[in-house]
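Predicted model, so just to flag it, every value in this text is computed and none were measured. Just so we're on the same page: letters track the sequence lines, and every chain starts at 1.
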2 protein chains.
Amino acid sequence: MSPRRSALAAQATRVAVIEETVNRASVEGLNGVSIGELAEGLGMSKAGVVGPFGSKEALQLAALDRAIEIFRHEIWDPAAGAEPGLARLKSISDLWLGYLGRGVLPGGCFLTQSACEFDGRPGPVKDAVVQALSRWHSVLEAEVTTAVAAGDLPDLDPGQVAFELNAIAQGVNQALQLRGDEQAVLRGRRAMRRTLHLD
Amino acid sequence: MSPRRSALAAQATRVAVIEETVNRASVEGLNGVSIGELAEGLGMSKAGVVGPFGSKEALQLAALDRAIEIFRHEIWDPAAGAEPGLARLKSISDLWLGYLGRGVLPGGCFLTQSACEFDGRPGPVKDAVVQALSRWHSVLEAEVTTAVAAGDLPDLDPGQVAFELNAIAQGVNQALQLRGDEQAVLRGRRAMRRTLHLD
DNA sequence: CCTACCGATCGGTAGG
DNA sequence: CCTACCGATCGGTAGG
């Protein structure tokens with residue numbers, strides 16, 4: 001009855017709806033998930049699901065934010081403990097492949113899924129996907145620049161290395177999700193090591 | 001009135017519906033396209049669109065077949081003129097990147113789009129996507145095997161090379177479609193050349 | 001956060 | 001290949 005309790009309950013509901021959306025959207029896509037499905041999965045009414053967000057698009061944006069948070073928690077945060085430069089790039093590679101291989105989300109990499117789904121659909125969701133991937137790209141570039149400056153890498157084009165690492169992650173994700181190819185993680189590791197001139 | 005004329009007309013209708021579906025689905029996905037949209041775009045009734053196929057799923061399979069045909073026509077057929085082995089792999093790489101860069105379909109690579117959309121949706125469409133990508137993978141592996149046997153490549157794992165080429169193509173497609181990154185094709189070319197040990 | 005409801009659209013079919 | 005229609009579901013809202 002107190003405002004505190006109801007505010008907490010409302011927050012818990014938001015979190016539960018977002019969690020369900022992230023899990024389902026990793027499989028079916030952010031557009032593929034309907035409010036009715038979410039409501040049934042959560043044992044709630046449709047109004048209860050969409051109410052806290054106002055619209056499906058606002059819920060999609062909230063789910064995307066949450067997926068980015070998970071990605072950061074799984075990869076960037078633990079890698080931040082490594083020395084900037086090549087050591088951190090190695091750490092990022094291992095964590096990234098581990099994240100994909102463990103199947104943290106049931107449908108694989110959320111950002112890859114969303115990028116595919118929204119690349120031809122202009123709007124706020126696409127803009128948010130572009131921003132998230134661009135930031136990740138910049139992070140990778142910065143680490144390459146540091147590694148080159150430290151003499152741990154030959155004079156590579158940072159954008160080229162970032163492009164290749166990202167492409168390899170996409171390849172691993174496709175092989176895992178589409179064909180359940182168990183070798184994919186190993187192939188991804190080999191490819192990333194070659195991109196980072198580690199062999 | 002003659003059966004011949006009406007059979008031809010029916011065939012022309014089938015082709016028009018498939019063409020429209022391929023174009024739209026490359027942008028919105030095979031599930032994202034509705035029969036009503038197709039009907040409006042073609043100036044036909046919904047019954048006229050779905051009738052020749054029987055169901056939306058049958059139309060999706062027909063569109064996928066057509067997209068595979070386009071891919072083969074754009075890449076495999078012209079590359080078949082090159083010597084088997086490394087020369088053909090170089091040819092495939094250039095044609096593949098050219099196909100992606102020219103924007104043959106408005107939404108980019110149809111197979112990548114479909115793979116993303118159906119990897120978590122078991123059924124006949126997913127099966128067809130898996131089969132098409134597996135065959136392409138085998139084609140690439142066979143060319144690598146030939147190139148290694150001819151001494152034009154070091155003793156590489158054909159599956160690894162096929163994996164990397166496919167990953168690079170996905171990376172190029174994403175960069176082009178999502179961010180309109182003009183450098184993507186150039187980056188893809190550099191990455192493929194490195195995978196094929198051409199530098 | 002629920003019930004009850006809105007107009008729109010979905011895939012698909014009957015009948016011609 | 002069209003008109004007319006089916007039940008189901010869509011995203012969303014009013015009112016409590």
Side-chain angles (χ1 to χ4, degrees), chain A residues 1-22 24-25 27-64 117-118 121-126, chain B residues 1-22 24-25 27-64 117-118 121-126:
Chain A
M1 275 285 193
S2 75
R4 185 162 180 189
R5 182 181 176 83
S6 71
L8 276 176
Q11 180 58 17
T13 298
R14 261 189 78 97
V15 167
V17 171
I18 290 171
E19 215 61 25
E20 185 83 6
T21 306
V22 167
R24 287 181 183 262
V27 179
E28 308 176 45
L30 277 168
N31 279 326
V33 177
S34 76
I35 294 169
E37 271 174 42
L38 289 170
E40 199 184 333
L42 289 160
M44 292 171 57
S45 67
K46 289 199 300 170
V49 167
V50 78
F53 305 94
S55 71
K56 184 176 182 180
E57 187 174 84
L59 169 56
Q60 291 176 327
L61 289 168
L64 188 57
E117 191 178 5
F118 284 92
R121 302 176 182 263
V125 181
K126 170 171 175 175
Chain B
M1 277 291 196
S2 76
R4 185 162 180 192
R5 180 179 177 82
S6 72
L8 276 175
Q11 180 58 18
T13 299
R14 261 190 78 96
V15 167
V17 171
I18 291 171
E19 214 62 24
E20 184 83 4
T21 304
V22 168
R24 287 180 183 263
V27 180
E28 308 176 44
L30 277 166
N31 279 326
V33 178
S34 76
I35 296 170
E37 270 174 45
L38 290 169
E40 199 184 332
L42 288 160
M44 290 171 59
S45 68
K46 288 200 301 172
V49 167
V50 79
F53 304 93
S55 70
K56 184 176 181 181
E57 187 175 84
L59 170 54
Q60 291 177 328
L61 289 167
L64 188 56
E117 192 178 4
F118 284 91
R121 302 175 183 264
V125 181
K126 170 172 176 175

Tell me the interatomic distance from A:Leu59, atom CG, to C:dC1, atom P, rounded to whole angstroms.
14 Å
Out of C:dC1, C:dT13, C:dG12, which nucleotide sits closest to the side chain of A:Thr13?
C:dC1
In whole Å, what is the span from the CG atom of B:Asn31 to the P atom of D:dC10?
14 Å
Nearest to the side chain of B:Ala47, heavy atoms from C-beta on, is which of D:dT3, C:dG12, C:dC2?
D:dT3
What's the CZ-C1' distance between A:Phe53 and D:dT13, to the nearest Å?
17 Å
Begin with the C-alpha distance, continue with both residues' side-chain angles, and end with the deciding distance and a verdict on side-chain contact (heavy atoms from CB on, under 4.5 Å) for B:Phe53 and B:Arg14.
CA-CA 8 Å; B:Phe53 304 93; B:Arg14 261 190 78 96; 3.7 Å; yes
dist B:Leu64:CG -> B:Ile18:CD1 (nearest 0.5 Å) comes out at 11.0 Å
Nearest-Å distance for atom pair CD/C1', residues B:Glu28 and C:dC10:
14 Å
Under 3.5 Å, is there an N or O donor on one side and an acceptor on the other linking the side chain of A:Lys56 and the base of D:dG12?
no
Hunt down the Watson-Crick or G-U wobble partner of D:dG15, both distances under 3.5 Å, from any strand shown, or write none.
C:dC2
Gap between atom CG of A:Asn31 and atom NZ of A:Lys56 - 0.5 Å precision:
5.5 Å
Figure out the CD/C1' separation between A:Glu40 and D:dC10, and round it to whole Å.
15 Å
B:Gly48 or A:Ser34: which one's nearest nucleotide on DNA chain D is closer to the 5' end?
B:Gly48
What contact category does B:Ser45 fall into here, base, sugar-phosphate, or nothing, at under 4.0 angstrom with non-hydrogen atoms?
base
C:dC10 P sits how many Å from B:Glu57 CD, rounded?
18 Å
Check the distance between C:dT3's C1' and A:Lys46's NZ and give it to me in whole angstrom.
12 Å
Between A:Leu38 (CG) and C:dC2 (P), how many Å, whole number?
13 Å
Strand partner of C:dA8, provided both Watson-Crick or wobble distances fall under 3.5 Å:
D:dT9
Return yes when atom CD of B:Glu40 has more than 12 non-hydrogen atoms of other residues, nucleotides or ligands closer than 6.0 Å, and no otherwise.
no
Can B:Arg121 and B:Glu117 be said to form a salt bridge (charged side-chain N to carboxylate O under 4.0 Å, His left out), step by step?
CA-CA 8 Å; B:Arg121 302 175 183 264; B:Glu117 192 178 4; 5.6 Å; no
